[in-house]
Asks: 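Here it is: the structure, laid out below.
Note on naming: letters A, B, ... go to the chains in the order of the sequence lines (proteins, then strands), and numbering restarts at 1 for each one.
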Amino acid sequence: MTETSSRQTTDLPPAWEPATVEAELYQRWVDAGYFGADPHSEKPAFCIVIPPPNVTGSLHMGHALEHSLMDALTRRRRMQGHETLWLPGMDHAGIATQNVVERELAGEGRSRHDLGREEFVERVWEWKAQSGGQILNQMRRLGDGVDWSRERFTMDEVLSRAVLTIFKRLFEDGLIYRAERIINWCPRCHTALSDIEVEHTEDEGELISIRYGHGAASIVVATTRAETMLGDTAVAVHPDDERYQHLIGTEVELPLTGRMIPVVADEHVDPEFGTGAVKVTPAHDPNDFEIGQRHQLPALTIMDERAVITAHGPFEGLDRFEARPAVVAALREQGRIVAEKRPYLHAVGHCTRCGTVVEPRLSLQWFVKVAPLAKAAGDAVRDGRTTIHPPELAKRYFDWVDNMHDWCISRQLWWGHRIPVWYGPDDKVVCVGPDDEVPEGEGWHQDPDVLDTWFSSALFPFSTLGWPDETADLARFYPNHLLVTGYDILFFWVARMMMFGLYAMDGAQPFDHVYLHGLVRDPSGKKMSKSRGNVIDPLDWLDRFGADATRFTLARGANPGADMAISEEWAAGSRNFGNKLWNATRFALLQGATAAGELPSREELTDADRWILDLTDAVVSEVDRMFEDYQFAKLCDALYHFTWDELCDWYLEMAKVQMAEGGERAVATRAVLGHVFDRVLRLLHPLIPFVTERLWTTLTGGESLVVAEWPTATGQRADATAARRIAGVQKLVTEVRRFRSDQGVKPGQRVPARLSGVDAAGLTELASGIASLARIEAPGDGFTASASFEVALSGGTVHVELDLSGTVDVAAERKRLAKDLAAAEKELAGTEAKLGNPNFTDKAPAEVVAKIKARRDVAAADIERSTARLARLPKD
RNA sequence: GGGCGUAUAGCUCAGCGGAAGAGCACUCGGUUUACACCCGAGCGGUCGCAGGUUCAAAUCCUGCUGCGCCCACCA
């Protein structure tokens, strides 16, 4: 052992202790400036903008997954020599954050109105400072290689300028308008919601049928929201419905109110459903609103913003859910209830933020006219400017952008970008851009509403780069190369970034690729939620298993677009893997491995050396390819399998034998070990940056893996003979171990053995390795073979004789042979049946037929061997 | 009501036309000086059900059943 290696390895404790090292390594990377992007460099650019986490709390496992993948992709590109920018940021998350702070206030027995708008907003900023700090800290813990100098927040001054700029541009292009419409209203949040902020669930209700009017001039309608009848201004029937021809154009009496309302004919009514007659409440139902428009019906608002009845009469002041049974009771008293159907399951909309049942409400709101924007957003994916991975999810995207309704963007909240429109005397309306003068004077006031939070996040791919200014960053890093996000916000965010990006950047797409990951679920595949109590906190894993283990676990579960179930066992497994890598590299260092020198020529290497080098090469290209396809789960498995099974369980054991030979052999082995570990550490670095960094800098003396070169395959032709021989060694060793295990030979006990036919298999030079791995030793003078068997290899058959000192377990051996025999007989029967079928031999490709023939021959030989061995066994 | 996806070992999932795989769990055996966060050996599946296409089907097609997700203004 050289002096250098012993000095190096004393640095490494016998187990990987993430907690003590991660923070220090991360700080070193930041200090070295590795994560900073230079827009003026000559390198090819790679830019990925973070899906900004909401400042509502701390990061959850979904974020940890997203960040692990983004960091892995970015680190690989950086190692490949790209100018990488991973831009961090956070989202003000309007309604969500306002709700959090309002809840906090409620705990103090206060509401936002007690504070007033200015003070409340101030309070939210305080919350943001605290929550944002937590998030940034978690990102450091995870090892996110983000450019901290470019950190952004959706309500930063620069990003707010972008909001004003695009609002004004859309306004002037007629793509933003204000209109009185039926919108989704949350009576708890007291704000309008866009369509996608409403979640429909199948709820239990009651469908009641009510008779309007009297006698021949009566008609029966059905409803699940009885209280809305107070605002009815018509009954509608289908124009061709013969049952109601006599009523069209007449009026019927609306119960409880005494108002006379017309019966109108409208195509929208389905004569097949219910009675074929519909009550029309233009102010409280979107369909009815449209019917009202077509027939110039008045819209009667009967509820306030809390969904409390305002219609004069006995129900005034009742909440909608109190009014409903009250109205039904009153109708029943008057004999107006014709039928009741309960339970009646129907889809009910809920506020995605608080779960309250949404109330359709007629109000004056701002909208984005999406048709032209959505068309462009669809086309960009259709013509391949932007690629969605996995492609199956593109269909969902098209379904949505092709059928999108106008987007209600005004929110009756205080936290967010205030709508930049001023109203003045004589109905004057002025949209104020970032550089415009704010109108002043008597009678001017700004719109009190703020914008939907997704309005500003839709600008993130370019507002973060300085738009609307023509910055160097914008020129260099737009379009972003990749967006990594969950499929659950495909509509909320991705589609809207596409719309606004294409619009603001003159048709240039916001990103070339979109990778959609799945949701992180609990061990049994259920969604994690606070109410279920099955939430796993990433911080807990970071503390107990380390960042590498957390990241590897998440990446290993990430199949494109598919959800994953995670559990502590997985995290522990990943931690074990890190520790395995740690000790394997430590072992290589103990052997004096170094990655500094050149590899010896192929002629000077053993079959084992050539085999592991070829395998390393194969893994390099395999992993590289899978990175290109975002096949994280598969590339993690490939690396796990290579490192643990091939490198540690086989090559390292063979290397021990080679090291024991000393001399040139040991020198060559050190070089091979150094080379292979150098490669595997580089490959693993994007996934598990900390442990690899620590090991690699020790192994190579290099500055940092963060800026080390990404490995590429040598293109050297794989040595098929070496591969075949090592496969032979593996089979032979495994067979001997299996035999020993069956025979109950203690694992540590060396057994005298004689191998014959070895030369035929070309295994002579590997004999000492085989002896070591199979724990056999050269036959001594008193050798008496008490057990023997054959192992069929591709180069021949090896006959193995073992001296078990007369302790052969005949029963165990007979059992094994019987099992082998049964398997071989089944195989023989199957293959012969196949080969006996002329259709198969005629139509199947020659190589397939040859393979089946080979299998049949092997099976036949196995049967022969097993039968002979069985016959040789003593009778008991 | 539309659309999409999925059903493979006890669990979580790969495989998607030519010999059923991985990790974890489980059983047995281990003081094998890199690692017990380990090593070795093993157990475990008529690939949801029923048809069809094919020389050949877990893999393609049809139907059914279960589960999941997305979209939706049938009162």
Asks: At less than 4.0 Å, is any side-chain N or O atom of A:K279 found next to OP1 or OP2 of B:rA75? Yes or no.
Replies: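 For B:rA75, OP1/OP2 do not have a side-chain N/O of A:K279 under 4.0 Å.
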
Asks: Assess the side chains of A:D232 and A:Y212: does a donor N or O sit below 3.5 Å from an acceptor N or O?
Replies: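 Yes, side-chain donor-acceptor contact under 3.5 Å.
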
Asks: Any idea which of B:rG15, B:rC38, B:rU12 is nearest the A:N576 side chain?
Replies: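 The listed nucleotide nearest to A:N576's side chain is B:rC38.
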
Asks: Would A:R556 pass as a cation-pi partner of A:W644, given that its NZ or CZ must be under 6.0 Å from the six-membered ring centre and within 45 degrees of the axis?
Replies: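 No, a cation-pi geometry is absent between A:R556 and A:W644.
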
Asks: Can you tell me the pairing partner of B:rC24 across any strand shown, Watson-Crick or G-U wobble, with both distances under 3.5 angstrom?
Replies: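 Partner of B:rC24: B:rG10.
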
Asks: Taking protein heavy atoms under 4.0 Å as touching, what does nucleotides 65-74 of chain B look like 5' to 3' if B marks base contact, S marks sugar-phosphate-only contact and - marks none?
Replies: ----BSSBBB

Asks: As a test of reading the structure: which of B:rA19, B:rA75, B:rG18 is closest to the side chain of A:V848, going by heavy atoms?
Replies: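 The nucleotide sitting nearest to the side chain is B:rG18.
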
Asks: Quick one: label A:R225 by what it contacts on the DNA or RNA (base, sugar-phosphate, nothing), any heavy atom closer than 4.0 Å.
Replies: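 Nothing, no nucleic acid heavy atom in range.
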
Asks: Select one nucleotide: of B:rC24, B:rA34, B:rG40, the one nearest the side-chain heavy atoms of A:R737.
Replies: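 The closest nucleotide is B:rG40.
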
Asks: Both A:R556 and A:W650 contact RNA chain B. Which one's nearest nucleotide lies toward the 5' end?
Replies: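 The residue whose closest nucleotide sits nearer the 5' end is A:R556.
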
Asks: Taking atom types as they are modelled, is there a donor-acceptor pair under 3.5 Å from the base of B:rC4 to the side chain of A:K395?
Replies: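 No, no donor-acceptor pair under 3.5 Å.
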
Asks: In the strands shown, is B:rA58 matched to any nucleotide by a Watson-Crick or G-U wobble pair with both distances under 3.5 Å, and which?
Replies: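 None - no nucleotide pairs with B:rA58, as no candidate has both distances under 3.5 Å.
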
Asks: With no hydrogens and no angle check, do the side chains of A:T698 and A:R694 hold a donor and an acceptor under 3.5 Å apart?
Replies: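 Their side chains do contain a donor-acceptor pair, which is all the 3.5 Å distance test asks for.
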
Asks: Honestly, is A:R181 close enough over A:F289, meaning NZ or CZ under 6.0 Å from the six-membered ring centre and within 45° of the axis?
Replies: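 No, A:R181 does not sit over the ring of A:F289.
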
Asks: Mind checking if A:E392 touches a base, just sugar-phosphate, or nothing, with heavy atoms under 4.0 Å?
Replies: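 Touches nothing.
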
Asks: Considering every strand and a 4.0 Å limit on heavy-atom distances, what is the contact class for A:T275: base, sugar-phosphate, or nothing?
Replies: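 Contact class for A:T275: none.
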
Asks: Taking donor-acceptor contacts at under 3.5 Å, does the side chain of A:R738 reach the base of B:rA41?
Replies: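 When only heavy-atom distances are counted, A:R738 does not reach the base of B:rA41 through any donor-acceptor pair under 3.5 Å.
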
Asks: For A:K746 and B:rG40, what is the distance between atoms NZ and C1' respectively, to the nearest whole Å?
Replies: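 For the pair A:K746 NZ and B:rG40 C1', the rounded distance is 13 Å.
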
Asks: Would you call A:E568 and A:R544 a salt bridge, using N to O less than 4.0 angstrom?
Replies: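 So A:E568 pairs with A:R544 through a salt bridge.
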
Asks: With a 4.0 Å cut-off, would you call A:R225 and A:D285 a salt bridge?
Replies: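 Yes, charged N to carboxylate O under 4.0 Å.
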
